[in-house]
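The model shown is predicted, which means the values in this text are computed figures rather than measured ones.
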2 protein chains.
Amino acid sequence: MSRKNQTSELKSRVMEVALGHFSEVGIERTNVSNILNDAGCSVGSLYHHFGNKEGIAEALFIDGVNQFNSRLLEALLPRRTASTGIKAIVTFCCEWVTDQPELAGFLLSREVTLSDNAKLELRQMDREFGQSIYDWFVPHVKSGALLELPTSMYVPLICGSTLEYSRLWLSGRNSRSPGAVAAILAEAAWQSVKSSP
Amino acid sequence: MSRKNQTSELKSRVMEVALGHFSEVGIERTNVSNILNDAGCSVGSLYHHFGNKEGIAEALFIDGVNQFNSRLLEALLPRRTASTGIKAIVTFCCEWVTDQPELAGFLLSREVTLSDNAKLELRQMDREFGQSIYDWFVPHVKSGALLELPTSMYVPLICGSTLEYSRLWLSGRNSRSPGAVAAILAEAAWQSVKSSP
DNA sequence: GAAATACTAGAATAATGTTCTAATGTGGTA
DNA sequence: TACCACATTAGAACATTATTCTAGTATTTC
C-alpha cells in the first residue's frame with residue numbers, strides 16, 4: 001500500500017476509535033494512550049497528524065458538520081413549499097440523529113473547544129451553508145407563508161425542539177427515537193413558524 | 001466567626017470563583033490552582049470539602065438546578081390557563097438565562113459528569129419537580145386545550161427553542177438577549193403545543 | 001478540661017498530555 | 001538506478017496538573 005493510503009487509513013482509524021471513546025466518556029476522560037492502543041498508532045504519529053487530543057476532536061467535528069450540512073441541503077432545497085421544507089428539515093434532523101447517534105451525540109455535546117484555525121474554517125462553512133438556507137427561506141417569508149422574524153431565531157424555532165429531544169434520547173432518558181417521533185416534531189415546528197391567518 | 005460559618009463561607013467563595021472560571025474556559029481548562037489562589041483556599045481544604053474538581057462542578061450544578069426548578073414552579077403554578085402557563089414557562093426561562101448568564105451557560109454546557117451519588121440526588125429532585133409539573137399539565141390536556149403527546153415530548157416542545165436560542169446567545173452569536181425575544185419564543189411554544197381546532 | 005472530630009496545610013505523588021530527537025521509508029529527480 | 005528531500009513513525013523523556021497523604025490546628029461536645 002502506498003504511503004498516502006497508509007496515512008489516510010491511519011488517520012481515519014484514529015478518528016473512528018476516538019469518536020467511540022469520546023461519545024462514550026467524553027473528550028476529557030478519554031486517554032490518549034487508549035486511542036493509541038486501539039488504533040495501533042504511535043505517539044509521534046498521532047501528534048504529527050492531529051497536533052493534540054483536541055485536534056482529533058476538531059477533525060471529527062468539522063467532518064460531522066460538513067456531512068450534516070450537505071445532506072440537509074439535499075433534503076431541503078428540492079422542497080417547493082414552506083410547509084414541506086420546514087418539515088423536511090426537522091425530519092432530516094431526526095433521521096440523522098437516529099442513524100448515527102455517536103456522531104450526533106458528539107456534535108451536540110459541545111465539548112469541543114475549537115482552535116482559531118478551526119473556528120475560521122467553520123465560520124466559512126457556516127457562511128456558505130447559511131447563504132443557501134437563506135436563499136431558500138426568503139421567498140417564503142416574502143410570500144407571507146412564514147413569519148418574519150429576526151434571522152437568528154429561525155434555527156432555534158425550527159430545530160430547537162428536535163435538538164432538545166435528541167439530547168434526551170441520546171442520554172438514554174426516553175425510549176422513542178427522534179426518528180419515531182419525527183412527524184410530531186415536524187408538525188410542531190411548522191406550527192411555530194408558519195404565519196397564522 | 002464560628003467554624004461553621006467560616007467553612008460555609010469558604011465553600012461558597014470557592015464555588016463562586018469556580019463558576020467564574022468554569023463558565024469562562026470550561027471545567028477541563030480551569031486549573032485547580034487558580035481556584036485555590038482566587039478563593040484563598042488550601043489544597044487540603046478544597047479536597048476535604050469537594051472531593052475533587054468535578055465535585056465543585058457537581059455542587060454548582062445541583063444548586064443551580066434546585067434554584068431553577070423552584071423559581072420555575074413559582075412562575076408556573078399560579079397560572080390558570082394553558083396559554084398563560086406555557087408562556088410563563090418560556091418567559092421565565094428567558095429571564096432566568098438573561099439574568100444569570102454564567103450559571104445558565106454552565107448548566108446548559110453539559111460539561112458536568114455527575115457521580116453516582118449526585119445522579120441519585122438529581123433524579124430524586126427531578127421526580128418531585130416533574131410531579132408538580134405533571135399535576136399542572138393534566139387538566140389542560142384533559143380539557144383539550146393542550147395536545148396529548150408522549151410525556152417526554154412536552155419539555156422539548158415547550159423549552160427547546162428557548163434553550164437553543166439561549167445557547168446561541170450565551171456563545172455570543174446573537175445580540176438580542178433571550179429576555180428581549182421572550183414574547184416571540186413564548187408565542188411559538190404555545191403554537192406548537194396548543195390543540196388546534 | 002479532655003477527647004473526639006472537623007478542618008487546614010502544603011509537600012510529595014501519580015497520572016497523563018505533549019515535546020523532542022533520532023530513525024525510517026517513499027516519491028520524485030538526475 | 002542511485003540518491004536526496006521530506007513526510008512520517010517511533011517511543012523515551014518531559015512538563016503539567018489533579019490528587020493523595022501525613023501531620024498539625026482549632027472547635028465542639030461531653
Side-chain angles (χ1 to χ4, degrees), chain A residues 1-61 106 111-118, chain B residues 1-61 106 111-118:
Chain A
M1 191 170 14
S2 76
R3 167 66 68 97
K4 262 189 187 168
N5 284 346
Q6 244 183 30
T7 291
S8 79
E9 202 180 272
L10 178 64
K11 285 180 80 168
S12 26
R13 208 161 61 239
V14 167
M15 286 172 69
E16 195 184 317
V17 164
L19 177 58
H21 290 239
F22 290 167
S23 77
E24 193 180 354
V25 297
I27 298 173
E28 180 184 1
R29 294 156 59 101
T30 87
N31 293 13
V32 172
S33 59
N34 289 143
I35 298 177
L36 296 174
N37 287 338
D38 295 0
C41 177
S42 74
V43 185
S45 295
L46 188 136
Y47 280 86
H48 175 73
H49 289 304
F50 295 101
N52 57 24
K53 184 165 76 164
E54 279 291 322
I56 311 172
E58 216 161 68
L60 280 168
F61 191 85
F106 177 70
E111 285 187 293
V112 193
T113 17
L114 300 157
S115 68
D116 288 346
N117 270 345
Chain B
M1 192 171 12
S2 76
R3 167 67 69 96
K4 262 188 187 167
N5 284 346
Q6 243 182 29
T7 291
S8 79
E9 202 180 271
L10 178 64
K11 285 180 81 168
S12 24
R13 208 162 61 240
V14 167
M15 286 171 69
E16 195 185 317
V17 165
L19 177 58
H21 290 236
F22 290 167
S23 77
E24 192 180 354
V25 297
I27 297 173
E28 181 184 2
R29 295 156 59 101
T30 88
N31 293 12
V32 172
S33 60
N34 289 143
I35 298 178
L36 296 174
N37 287 340
D38 295 359
C41 177
S42 73
V43 184
S45 295
L46 187 137
Y47 281 86
H48 175 75
H49 289 304
F50 296 100
N52 55 27
K53 184 166 75 166
E54 279 292 321
I56 312 173
E58 218 162 66
L60 280 168
F61 191 85
F106 177 70
E111 283 187 297
V112 193
T113 18
L114 299 157
S115 68
D116 289 346
N117 272 345

Rounded distance in Å - CD1 (A/Ile35) to P (C/dT18):
10 Å

Give every donor-acceptor pair under 3.5 Å between a side-chain atom in residues 29-36 of chain B and any protein atom, sequence neighbours left out.
none

Under 4.0 Å protein heavy-atom contacts per nucleotide of nucleotides 16-21 of chain D, with B for base, S for backbone only and - for none:
-SSBB-

Examine C/dT8: is either OP1 or OP2 under 4.0 Å from a nitrogen or oxygen in the side chain of B/His49? Give yes or no.
yes

Looking at A/His48, does any N or O in its side chain come under 4.0 Å of the phosphate oxygens OP1/OP2 on D/dT9?
no

Could you walk me through whether A/Phe50 and A/Glu58 satisfy the side-chain contact (heavy atoms from CB on, under 4.5 Å) test, starting with their C-alpha distance in whole Å, then the side-chain angles of each, then the deciding distance to 0.1 Å, before giving a yes or no?
CA-CA 9 Å; A/Phe50 295 101; A/Glu58 216 161 68; over 6 Å; no

Report the distance from atom CZ of B/Phe106 to atom CD of B/Glu111, rounding to the nearest 0.5 Å.
7.0 Å

How long is the line joining CG of B/Asn37 and C1' of C/dA9, in whole Å?
14 Å

Indicate the atoms forming the closest heavy-atom contact of B/Leu46 with B/Cys41, along with that distance.
N-SG, 3.7 Å

Could you pull out all donor-acceptor pairs under 3.5 Å where a side-chain atom in residues 12-26 of chain B meets a protein atom, sequence neighbours excluded?
| residue | atom | partner | partner atom | Å |
| --- | --- | --- | --- | --- |
| B/Ser12 | OG | B/Ser8 | O | 2.7 |
| B/Ser12 | OG | B/Glu9 | O | 3.4 |
| B/Arg13 | NE | B/Ala39 | O | 3.0 |
| B/Arg13 | NH2 | B/Ala39 | O | 3.2 |
| B/His21 | NE2 | B/Asp38 | OD2 | 2.9 |
| B/Ser23 | OG | B/Leu19 | O | 3.3 |
| B/Ser23 | OG | B/Gly20 | O | 3.3 |

May I ask you to list the residues of residues 13-22 of chain B, by number, that have any heavy atom positioned under 4.0 Å from an atom of DNA chain D?
none

For atom CD1 of A/Ile56 and atom C1' of C/dG17, their distance in whole Å:
11 Å

Round to a whole Å and report the spacing from NZ of B/Lys11 to P of C/dT8.
10 Å

Answer yes or no: does a side-chain N or O of B/Ser42 lie under 4.0 Å from OP1 or OP2 of C/dT8?
no

Here the side chain to side chain donor-acceptor pair (under 3.5 Å) pairs for residues 45-55 of chain B, sequence neighbours left out, are B/Ser42-B/Ser45, B/Glu54-B/Thr113

A/Ile27 CD1 to C/dT16 P, in whole Å, measures 17 Å

